[in-house]
Amino acid sequence: MIKKDNLYFPPEKFKKSAWINKKGIYQEAEKDPIKFWEKIAKEAYWKKPWNLAFEHKAPYFKWFLGGQINLAENCLDKNLEKKKDKIALIWEPEPVEEQPRIFTYKELLKEVNKAANALKKLGVKKGDRVGIYLPMIPEVIISMLACARIGAVHTVVFSAFSPQALKVRLQDTEARILITADGYFRRGQIINLKSNADEATKETKVEKVVVVKRTKNEVVWNPEINFWFEDLLKNEKEVCEPEAMDSEDLLFILYTSGSTGKPKGILHTCGGYTVQSKFTGKIIFDLHDNDIIWCTSDAGWITGHTYAIYSPLLNGATTVIFEGAPDWPTPERWAQIIEEHKVTIFYTAPTAIRMFEKYGAEIIKKYKFSTLRLLGSVGEPIDESAWNWYFAEVGKGKCPLVDTWWQTETGGILITSLPGIGPFKPSFTGLPLPGVKIDILDDEGKSCPVNKEGNLVILPPFTPGMLRGVYKNPEKYLETYWAKYGTNTYFTSDGAFRDEGGLVRIVGRVDDVLKVAGHRVSTGELENAAAKHPDIIESAVVGIPDEIKGEVPIIFAVSRKEKPEEELKKGIIDQIKKEIGPIALPKEVYIVEDLPKTRSGKIMRRILKRLFTGEELGDLSTLSNPEIVEKIKGKMQNLNGKNKS
Ligand code: WT7
């Protein structure tokens, strides 16, 4: 890489072979973004061309109206002519003694078609919602593509989510079919997923549960409603006509945390999502025929949907997925996977990068990573030191490092510098993509000057792959994204600023959402979970900085009864495991007498956070109970002292 001042640029050789290496594309897109996206859309295969590119009836918008398309057909059939025997998918199991499973494009198509036919036989029709609660095994991809092929709407739920979290999602979507597994391996243990699924499907509309045999552990079986995935596929035909989907037909629903307790079902549609995922993967990861991409995200998150699955397949590349934890059974597992599968593009989160760094440079020295040619980061701001380490030690100073900003709602990456152009600046995410119009606004709605922090917004015509709504909740859609600056301006809930060169730096969320190891968790969700504990009256959750995870929650809880604190703390943690799962466990629980509140009863989380970070507490006169702040402070110091000794 070429360094000029504090900026990096790609070397000539990389530039030369990159899909995009001339800045002209930015001007072209800016002149007429709708026309630009139309040109991009033509790179996908449409069963019927659209007759209107863009329609805006704020707060709603649509793309490629009248067009018909099928995502699975674009991922598989359309690659077959040239890529029949090319490897589409490499699956790395967690146990090291087990062999990887490898699928060519042709083999993957066959499996998808069989699964699609099997779903049809179970009664699944176009528009029906199908729940998918699977670990990172090939069947998660096969199931998603099978849904897309027949026009069923998939809702993938992260396998580490608790039964209760799954239940809420199944209830909201009213899915009648759930695809799950007997279990999966995690850090050497078998997790019994089927029993979670059984618990979750009570009080839902799920009528049939399809089970992939993965770990062969014993499961409770109800032959009337349980079906083995492999049995269903065994006698199915290997062909299945892809459904002609209207561009604006629903493709999938993916739940994400907002600032309230209830997760929101984000809606994505067929045409726009296909176009944007194909295009962004191509220009940002520079996906070529011989690329092997490993995006470490689970399929349960949007990053897994778009860059572990759909975008690599749409671009005819090879995708690597991994069942386990990147540091299991040894801290170098992730490095071994890169070497063994000759990964060329590695896309992960800052939390993983910081963990790799912590394990030490010794590991890194053993690996040359000679196949790597591009690195990516996503999910939370990457600090300068993690950026530099990743760039130097993993990329060996020769790979462009794209820090990609986006959200579940945007469907694909919207801000990052392009690998064949640059510039790359540590801790800055970069420039908005061609065809993406953003701004950074102050609270009055005025555009912020250079270096001034404000709120990141996205402006019309938005992008084809952005959300089309919140499932069954138009009020939430309006209120979350379009209330702050009016219905023509999408509010991202992220704070950001721009440098002199227009590069964007993301500062972090401005709402009550935490990013814990890159996962999005709302304080409201955690507080609701704690409130279900019979002895807890109320609680407040705040995020505090963490060396590895970026941010972690801590809870202040007020209890109804005098009970041993340890018992209460454990009870709260168990309650969170039950309601959400282990992804967002609090680092610390403080049992307190009361919470700092304004006279109108609003809990002042900001003050609690400052107690932790040591910042000035500010004006306490607006509180109805200012004396509580000192008490909480005393308690925290006490406990921290104890923990240290
Ligand atoms: C939030 C979205 C789709 C990406 C995976 C997470 C934060 C995401 C970056 C980045 C700084 C980032 C934002 C955003 N975020 N990427 N490169 N730099 N912050 O998707 O769970 O919907 O979370 O993640 O705060 O709003 P998500």
More than 12 heavy atoms of other residues, nucleotides or ligands under 6.0 Å from CD of Gln189: yes or no?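 12 or below, so no.
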
Side chain to side chain contact (heavy atoms under 4.5 Å, CB included) for Trp37 and Phe54? Distances and angles first, verdict last. CA-CA 10 Å; Trp37 281 111; Phe54 179 70; over 6 Å; no

[X] vs [Y] side-chain heavy atoms within contact, under 4.5 Å:
{"X": "Val402", "Y": "Leu375", "answer": "no"}
{"X": "Leu372", "Y": "Ile338", "answer": "yes"}
{"X": "Glu43", "Y": "Asn74", "answer": "no"}
{"X": "Pro100", "Y": "His341", "answer": "yes"}
{"X": "Thr318", "Y": "Leu89", "answer": "no"}
{"X": "Ile583", "Y": "Val516", "answer": "no"}
{"X": "Arg129", "Y": "Ile253", "answer": "yes"}
{"X": "Tyr477", "Y": "Tyr60", "answer": "yes"}

Heavy atoms only: give me the nearest [X]-[Y] pair and the separation to one decimal.
{"X": "Asn315", "Y": "Ser277", "result": "ND2-O, 4.4 Å"}
{"X": "Cys147", "Y": "Leu119", "result": "SG-CD1, 4.1 Å"}
{"X": "Leu193", "Y": "Ser159", "result": "CD1-O, 3.7 Å"}
{"X": "Cys240", "Y": "Lys120", "result": "SG-NZ, 3.9 Å"}
{"X": "Ala197", "Y": "Leu178", "result": "CB-CD2, 3.9 Å"}

Hey, are [X] and [Y] close enough for a salt bridge, meaning a charged N less than 4.0 Å from a carboxylate O?
{"X": "Glu139", "Y": "Arg214", "value": "no"}
{"X": "Lys472", "Y": "Glu174", "value": "yes"}
{"X": "Arg149", "Y": "Glu241", "value": "no"}
{"X": "Arg333", "Y": "Glu339", "value": "no"}
{"X": "Lys194", "Y": "Asp198", "value": "yes"}
{"X": "Lys167", "Y": "Glu203", "value": "yes"}
{"X": "Lys35", "Y": "Glu38", "value": "no"}
{"X": "Asp172", "Y": "Arg169", "value": "no"}
{"X": "Asp249", "Y": "Arg468", "value": "no"}
{"X": "Glu92", "Y": "Arg101", "value": "no"}

Ring pair (Phe, Tyr, Trp, His ring centres under 6.0 Å) partners of [X], counting only residues at least two apart:
{"X": "Tyr133", "result": "none"}
{"X": "Trp91", "result": "none"}
{"X": "Phe252", "result": "His154, His268, Tyr273, His305"}

Would you tell me whether [X] and [Y] have side-chain atoms, one donor and one acceptor, within less than 3.5 Å of each other?
{"X": "Asn528", "Y": "Lys262", "result": "no"}
{"X": "Glu525", "Y": "Ser257", "result": "yes"}
{"X": "Tyr481", "Y": "Glu409", "result": "yes"}

[X] side chain to [Y] backbone, donor-acceptor under 3.5 Å:
{"X": "Asn117", "Y": "Lys237", "result": "yes"}
{"X": "Lys515", "Y": "Gly518", "result": "yes"}
{"X": "Asp286", "Y": "Trp19", "result": "yes"}
{"X": "Asp182", "Y": "Thr215", "result": "yes"}
{"X": "Asp128", "Y": "Lys125", "result": "yes"}
{"X": "Ser162", "Y": "Lys578", "result": "yes"}
{"X": "Glu207", "Y": "Ile177", "result": "no"}
{"X": "Gln164", "Y": "Glu579", "result": "no"}
{"X": "Glu248", "Y": "Gly66", "result": "no"}

As a test of understanding, state which of Ile90, Thr319, Ile141, Ile142 forms a side chain to side chain contact (heavy atoms under 4.5 Å, CB included) with Phe103.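 So, applying the side chain to side chain contact (heavy atoms under 4.5 Å, CB included) to Phe103 and each of Ile90, Thr319, Ile141, Ile142, only Ile142 qualifies.
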
Measuring from atom [atom1] of [X] to atom [atom2] of [Y], what distance do you get when rounded to the nearest 0.5 angstrom?
{"X": "Leu170", "Y": "Arg176", "atom1": "CG", "atom2": "CZ", "result": "12.5 Å"}
{"X": "Lys121", "Y": "Leu233", "atom1": "NZ", "atom2": "CG", "result": "10.0 Å"}
{"X": "Tyr347", "Y": "Leu374", "atom1": "OH", "atom2": "CG", "result": "11.0 Å"}
{"X": "Leu478", "Y": "Glu475", "atom1": "CG", "atom2": "CD", "result": "8.5 Å"}
{"X": "Tyr184", "Y": "Asn192", "atom1": "OH", "atom2": "CG", "result": "10.5 Å"}
{"X": "Lys208", "Y": "Leu232", "atom1": "NZ", "atom2": "CG", "result": "10.0 Å"}

Using the test side-chain contact (heavy atoms from CB on, under 4.5 Å), find all partners of Asp291 that sit at least two apart in sequence or belong to another chain.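 Expected list: Leu287, His288, Thr344, Ile345, Arg373.
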
Could you tell me which residues satisfy side-chain contact (heavy atoms from CB on, under 4.5 Å) with Asp327, sequence neighbours excluded, listed by chain and number?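 Once residues adjacent in sequence are excluded, the partners of Asp327 under the side-chain contact (heavy atoms from CB on, under 4.5 Å) criterion are Arg187, Ala325, Met355, Tyr359.
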
Could you walk me through whether Val212 and Trp228 pass the side chain to side chain contact (heavy atoms under 4.5 Å, CB included) check? CA-CA 6 Å; Val212 177; Trp228 287 112; over 6 Å; no

Centroid-centroid distance, [X] to [Y], less than 6.0 Å:
{"X": "Phe285", "Y": "Tyr307", "value": "yes"}
{"X": "Phe64", "Y": "Trp46", "value": "yes"}
{"X": "Tyr490", "Y": "Trp482", "value": "yes"}

Going by the side chain to side chain donor-acceptor pair (under 3.5 Å) test, which pairs reach into residues 295-304, not counting sequence neighbours?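 Residue pairs with at least one partner in residues 295-304: Thr296-Thr348.
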
Walk me through it: do Trp63 and Thr463 pass the test side chain to side chain contact (heavy atoms under 4.5 Å, CB included)? CA-CA 8 Å; Trp63 281 89; Thr463 67; 5.7 Å; no

Run the side chain to side chain contact (heavy atoms under 4.5 Å, CB included) test on Tyr105 and Leu313 for me, step by step, so that the C-alpha distance in whole Å, both residues' side-chain angles and the decisive distance to 0.1 Å come before the verdict. CA-CA 9 Å; Tyr105 271 89; Leu313 297 177; 3.7 Å; yes

